[in-house]
*Asks:* 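Quick one: structure below, then a few questions.
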Amino acid sequence: MNYMDIQHVQKKMKTRIVKNNILKYIFLLATVIGLVVLATLIIRVFTQGIGAINVDFLTGHLSTAPERAGIMGAILGTLWLMAVVIPVTIIIGIGTALYLELYLKEGRTRALIQTNISNLAGVPSIVYGILGLTVFVRAMDLGNIVLAGGLTLALLILPIVIVAAQESIRSVPQHLTEASYGMGATKWQTIRRIILPAALPGMLTGSILAISRAIGETAPLTVIGIPALLIPFPEGITDKFTALPMQIYYWTLDAVLVEEYAKLASATIIVLLLLLFILNSVAIIIRNKFQQRY
Amino acid sequence: MSLATVQNVQKQAATNQNTIFQVDNFNLWYGETHALKEVDLSINEKEITAIIGPSGCGKSTFLKTLNRMVEMVPSVKTSGDIYYRSQNILNKSFHVENLRTRVGMVFQKPNPFPKSVYENVAYGPKIHGIKNKKTLDEIVEKSLRDAYIWDEVKDRLKENAYGLSGGQQQRLCIARTLAIEPDVILMDEPTSALDPISTLKVEELIQKLKEDYSIVIVTHNMQQAARISDRTAFFLNGEVVEFNDTETLFSNPSDQRTEDYITGRFG
Amino acid sequence: MSLATVQNVQKQAATNQNTIFQVDNFNLWYGETHALKEVDLSINEKEITAIIGPSGCGKSTFLKTLNRMVEMVPSVKTSGDIYYRSQNILNKSFHVENLRTRVGMVFQKPNPFPKSVYENVAYGPKIHGIKNKKTLDEIVEKSLRDAYIWDEVKDRLKENAYGLSGGQQQRLCIARTLAIEPDVILMDEPTSALDPISTLKVEELIQKLKEDYSIVIVTHNMQQAARISDRTAFFLNGEVVEFNDTETLFSNPSDQRTEDYITGRFG
Amino acid sequence: GSDDESESNASQDDQPEDTNSENEENESSEELEGSVVIDGSGTVYPLMSRMAEEYMINAQQGVSVEVSRSGTSAGFEKFLVEDGTDFNDASREIKDEEQAKADELGIDVKELKVALDGLSIVINPNNEFATELSEQQVIDIFLGEYTQWSDINSDWPEEKIQTYGPNENHGTYEFFYEEILDEQDLVEDINLQQDYSTLVTLVSEDENAIGFFGFGYYDNNQDKVQAVQVDFGDGPVAPSLETIGEEGPYANFTRPVFTYLNVNHAKEKPQVLDYSIWLMENVNDYAGEVGFAPIPDEEAQQLADELKELK
Amino acid sequence: MTSDSQSKQNTLNVQELIQQKKSKKSLSAKFEKLIPSILFLFAMISILTTIGIIYTLFSETIEFFKTVPISDFFTGTTLKPLSQNPEFGIFPLINGTIMSSLIAMLVAGPIGIMAAIYLSEYASDKARRTLKPLLEVLAGIPTIVYGFFAFTFVTPILRSIWPAVDATNILSPGIVMGVMIIPMIASLSEDAMSSVPNSIREGAFALGATKLESTFKVVIPGALSGIIASFILGISRAIGETMIVTIASGSSKNFTFDVTESMQTMTAYIVEVAGGEAPAGSTIYFSLYAVAMTLFVFTLLMNLLARYVSRKFREEY
Ligand SMILES: Nc1ncnc2c1ncn2[C@@H]1O[C@H](COP(=O)(O)OP(=O)(O)OP(=O)(O)O)[C@@H](O)[C@H]1O
Ligand SMILES: Nc1ncnc2c1ncn2[C@@H]1O[C@H](COP(=O)(O)OP(=O)(O)OP(=O)(O)O)[C@@H](O)[C@H]1O
Ligand SMILES: [Mg+2]
Ligand SMILES: [Mg+2]
């Protein structure tokens, strides 16, 4: 009993405790730094852009003249994109998840598809842009229309949707499916009446979050090629289009020619953030409202 | 092996006129685990057959084999035969859905669907194609009455089943099984998750059901087996150690291991 | 309350000369749960004090209070006093780190760090400022010897501690505690996760340790308490029902509930 | 017949508002629809997007004109393919190999000169010494003949000259390289940028900067950069809408900007032809607003007339 | 001995009804048989996507290497795709990519890990439940917005502090990218740290360790591979990030280590070249694919590495 000198240990203890307390606040600070940046970003965007937001701006056609410019075309473009992205990703995403979780047996094939999906999730979005350009715009000769852009974005978020759907299928308790099979239900009946209803909230939440990622994506669209000036509103998925993030991109670049474009870019960011905020709120509401206790 | 077959023939002969399930020299493996070993057993009509044995001895596995639910584990392999009313259910051409429509199952933990009470009971008839509202109403009421829970839930048929107490949920699950009027009902420790009063109610119910259904019940609770069953099988390490009239088995076990078990020396 | 205080003073007087912990009218709540109720107790130097009682009676809670580990649960509230060598450890100005340097703890499940055997033992001395390699080597060897595990691990000091068997891990955890030369060692069911042979080894070790350390040990195993402890406290529902010489408590309990418990009538 | 009227009205009347209202009246008899696809030079983009917008507002609401700006060369690649774009804006003339490709594909290309751009030499607003340079000095700077300002004039600071310009994607670069530098290589460490916004900011922040780009970019950023007055032999001249005219004193650094029309498309699609005619009849009214000098009215009118022949 | 020998006195025989219905159900039974095939086709789409990506990138890259020797591409330090004598060395782009990712990780790494430590070791349950989702909002902001922010806000601030910084530079987008990656690193590292069993922490505390000591000497070593995996994923994310650098770092193909200067990343190059919907068939057009291929391989390797590291970590306890 002579290695540890209690006096010495206790003397040192004070500095150790002080060190701990100081670093605790440094860690807290680090946690908060991100939030400070977030707040700065939002305040900055709002102060710069809120003045430009009015009914004309929201409903008007695009224009080279800042005082006349409106973003309805971009809003509609984004909505049309979603009209392609949502059904495609939800159907294919949920279908793939069902197949992987419920039909495909554990084994090589499944491991292969699963690895493939998680690798796809890590592929940079711009590479999807190139895929879209090569396959949809060029090879299928669709041109830079909504459909081509929507399919590109759909492929981009598909891995996220699949993984989210798989997780919610897995979270459906085994005893529910057993009960259904126990009644003589077939696999599809069990899926349709028990698994899907129980997993749907989770699937939707995951899908909405993925879709909000698609809404903000710019890089694939720059590769596909979006006209810098397109005045008519897109009226369907075979029309050419521009989208909110593209409009932000162009206006940011052109602020050198016309200073007010910077304000328009900020205003468009506000609209985009608002759209994302609404989508995320919907996701949270769905999650809270339909959260099942089993 | 030949000895087993001889015994088998004898057993079969003895119980032939009202046998529903006939299990012949049945083996089951989960991957490498040999979970059921040369099981020979017959289940009679309108009787309660109890399965007892220590944890892990293969009771649930055996029960789930009778409606082929055990197939849901991908690594399962079997050998031997199981006849349900003389049809070999292990035959590929035998559709599990048909089997399960005739052989209902009640689980250890009450597992109602996250739907209304009504929809829970109507689920079975609906998936089997019955869509007529009036017929469904009748089936739901009758099943809930038969499960002795009608009075407690008749005013809340539209409410979510998760609002019911554990005991009510378990009786609802029984009602759900009754709704497709099965031939046999398999029950895997149906009362082990329930409080004593609910247990009593469910036990009473099971005894009533015997009038119309054949029942196979797995239980940890030896008193329960003794109280309600007609015949009892004692499983140990995947083997059937003893299978006999309940009274005989409990009062005069022929195997030492059975005696050790029922006197609480292990398990 | 005044009565309790009077008793308290008496008890304190009786054991004063070699008391290490003095617990006075101590209460503890987890949120709404009143987990310890008016506990009065004293722990003596170089004795083994056993804490027994049925599951959930507050044994672990009491033990963890002695090194204020219980504070890690955010909802904990306390009242009353606990003196460690006449200092009130519940006092805010008393740093837990200091307390824990003097009051070591061994847990139910062996919890070595995911490091080498050597690093596990050297961890305590290192954080307390001992950096000299030779001193550390000496401490590690001495602690491992004292924990009767040196021979088994001396050739694998650099290997990860998770490679050891459960019993070895537990003795390693004891060695780790010994390395900082504590005054008291708290042990929460230190053998309950071990096989009989490892249990025996750890029990032997504990009895050896008594020569140098004061030990408080929580155990489910009454035989163990009777075998190794000098004094025993019986807890029930958060209260100390009886606290006495181990021999007296087991041979001649003064409370009916103690008798019921030690004769296995409940718990 | 109605076209003749509008043409004469336009040529007689210099007020853009009037012209527009005339056009509206005249064309209303002939409601066109469909799309017009324009790509090409970023330099010409401000003018063409403006024209496109005005056309849609004032002449043909039913027609959708979309304008992109890939750059002159990249634009030609999209123009000279089957089903390519209808117009390609260019800040230089079509090259021989491009013309050859058009011939090969059977695309009949018509060059439309739309405006004049004065290549502006810009420096940092705080630069008080290099405000006037001779034409040769400008050329030498970009050829890398001088490394420090003091190499030009010993009174000037001994600081390294930093050169800037748009990258090779832009016709502006090609004009500078081919016409002004006579195809001699630019100084090695010149900072070439894709985006004009970047260029303007770079020059506005670098005291030793000297750069070149189209007049429009200078015109819109006079608070951030200042233009060098270039001496072409008759004293220093600053670029302005007046001086960069074809006959103006800044003409040496002035270049025409074009748009190229796919005549096959113009014959197939009435809206393409209509837009091209409208463009040539009205471009001079808007050029100034976006920093270009107008071409002579007669020249514009002549092109418009030629286009009408295609009907 | 068939099933209908039941002698129940029911007014209503459900089993009979079921048997009747069954004979009619053959159509839906056929449909059911098709379902696995349909779902299989859906599942194949993700495989096709991968094949599509690899095929397009590979085939066009091969075209590119027919005109530009592969060694020139991978060892060249000058990139002048549009010049009269074009040079296609990818080094400036790789350099720009590494620089921007490095800066991003210098920001996101320490801050992210510190935030993870706070959330996992120090924060109360309530604080964690509010802070974590708030932090994750950062990850949900579109990158174009970050690009705008970097270009119009962060760069001017940097320039006012450090005049040497150019109007377009790699520093500002690097920093902003770092902020964007913070939640990713914080969240993944926090997961790794929280999965270190509490009993191990308690072991350290029982020896008189402060939180700081238990964190650095026990928790972090225990969670190391998870933390490393989060870093690798962060780097992968930074390498693939496009809009922030495109907007804020300009398009100079400089080969320099000076963070105050403009540099181009692989992603920004792709945007620049494709921005004009690159003319099919030209060398520039093919260079787009060669760069994209390199980018794809970079991120793929990173992701595989991250998965390998984190799988190893899961085996530890
Ligand atoms: N899905 C499975 N995969 C692999 N082995 C299994 C599986 N289910 C059960 N087993 C094994 O099969 C044996 C029998 O298990 P079973 O569940 O039938 O026992 P049991 O008698 O029902 O036990 P209990 O009383 O605990 O419910 C056990 O050894 C068990 O570990
Ligand atoms: N972290 C906690 N939060 C809330 N309640 C707790 C917590 N830990 C223990 N309790 C409650 O405090 C009471 C005493 O628990 P404690 O763990 O001290 O019992 P024990 O005697 O050690 O039991 P065992 O023998 O099972 O270990 C129990 O009612 C328990 O539910
Ligand atoms: Mg079981
Ligand atoms: Mg305990």
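If you're wondering where the values come from, they're calculated on a predicted model, not measured in any experiment. Within every chain, numbering begins at 1; the chains are lettered A, B, ... in the order of the sequence lines, protein sequences first and strands thereafter.
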*Asks:* Of the listed residues (Ala204(E), Gly208(E), Ala209(E), Ser199(E)), which shares the most heavy-atom pairs with chain C below a 4.5 Å separation?
*Replies:*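 Heavy-atom pair counts peak at Gly208(E).
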
*Asks:* What is the distance from atom CD of Glu213(E) to atom OH of Tyr123(C), rounded to the nearest 0.5 Å?
*Replies:*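 Between atom CD of Glu213(E) and atom OH of Tyr123(C) there are 6.0 Å.
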
*Asks:* For atom OH of Tyr148(C), is the number of surrounding heavy atoms from other residues, nucleotides or ligands below 6.0 Å larger than 12?
*Replies:*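 Result for OH/Tyr148(C): open.
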
*Asks:* Let me know if Pro110(C) has heavy atoms under 4.5 Å from chain E in its side chain, its backbone, both or neither.
*Replies:*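 It is neither, since no heavy atom gets under 4.5 Å.
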
*Asks:* Evaluate whether atom CZ of Phe58(E) has more than 12 neighbouring non-hydrogen atoms of other residues, nucleotides or ligands under 6.0 angstrom away.
*Replies:*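 No, the 6.0 Å shell around CZ holds no more than 12 heavy atoms from other groups.
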
*Asks:* Heavy-atom pairs under 4.5 Å with chain E are the metric here; pick the option from Ile127(C), Val96(C), Leu99(C) that has the most.
*Replies:*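 Among the listed options, the one with the most contacts to chain E is Ile127(C).
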
*Asks:* By side-chain hydrogen bond (donor to acceptor under 3.5 Å, both in side chains), which residues pair with Lys133(C), not counting sequence neighbours?
*Replies:*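 Counting only residues at least two positions away or on another chain, Lys133(C) forms a side-chain hydrogen bond (donor to acceptor under 3.5 Å, both in side chains) with Asp137(C).
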
*Asks:* Examine whether an atom of Val103(C) lies under 4.5 Å from a heavy atom of chain E, and if so say whether it belongs to the side chain, the backbone or both; otherwise answer neither.
*Replies:*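 The backbone, not the side chain.
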
*Asks:* Could you tell me whether Phe94(C) atom CZ has more than 12 heavy atoms of other residues or ligands within 6.0 Å of it?
*Replies:*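 Atom CZ in Phe94(C) is packed in, count exceeds 12.
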
*Asks:* Would you indicate whether the side-chain heavy atoms of Pro114(C) and Ile200(E) approach each other to under 4.5 Å?
*Replies:*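 Of all side-chain heavy-atom pairs linking Pro114(C) with Ile200(E), at least one is under 4.5 Å.
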
*Asks:* Using non-hydrogen atoms and a 4.5 Å limit, figure out which bit of Ser124(E) sits close to chain C: side chain, backbone, both or neither.
*Replies:*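 Contact with chain C involves no heavy atom of Ser124(E) at all.
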
*Asks:* Who pairs with Glu202(E) by side-chain contact (heavy atoms from CB on, under 4.5 Å), at least two apart in sequence or on another chain?
*Replies:*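 In terms of side-chain contact (heavy atoms from CB on, under 4.5 Å), with neighbours along the sequence ignored, Glu202(E) is linked to Met69(C), Met72(C), Phe107(C).
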
*Asks:* How about NZ on Lys217(E), more than 12 heavy atoms from neighbouring residues, nucleotides or ligands closer than 6.0 Å, or not?
*Replies:*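 Correct, the count exceeds 12.
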
*Asks:* Please classify the contact of His128(C) with chain E as side chain, backbone, both or neither, using a heavy-atom distance under 4.5 Å.
*Replies:*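 Side chain only.
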
*Asks:* Applying side-chain contact (heavy atoms from CB on, under 4.5 Å) between Leu207(E) and each of Met105(C), Arg176(C), Glu97(C), report the one that passes.
*Replies:*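 Among Met105(C), Arg176(C), Glu97(C), the one meeting side-chain contact (heavy atoms from CB on, under 4.5 Å) with Leu207(E) is Arg176(C).
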
*Asks:* Measure Lys115(C) against the heavy atoms of chain E and call it side chain, backbone, both or neither at under 4.5 Å.
*Replies:*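 It is the side chain, since no backbone atom gets that close.
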
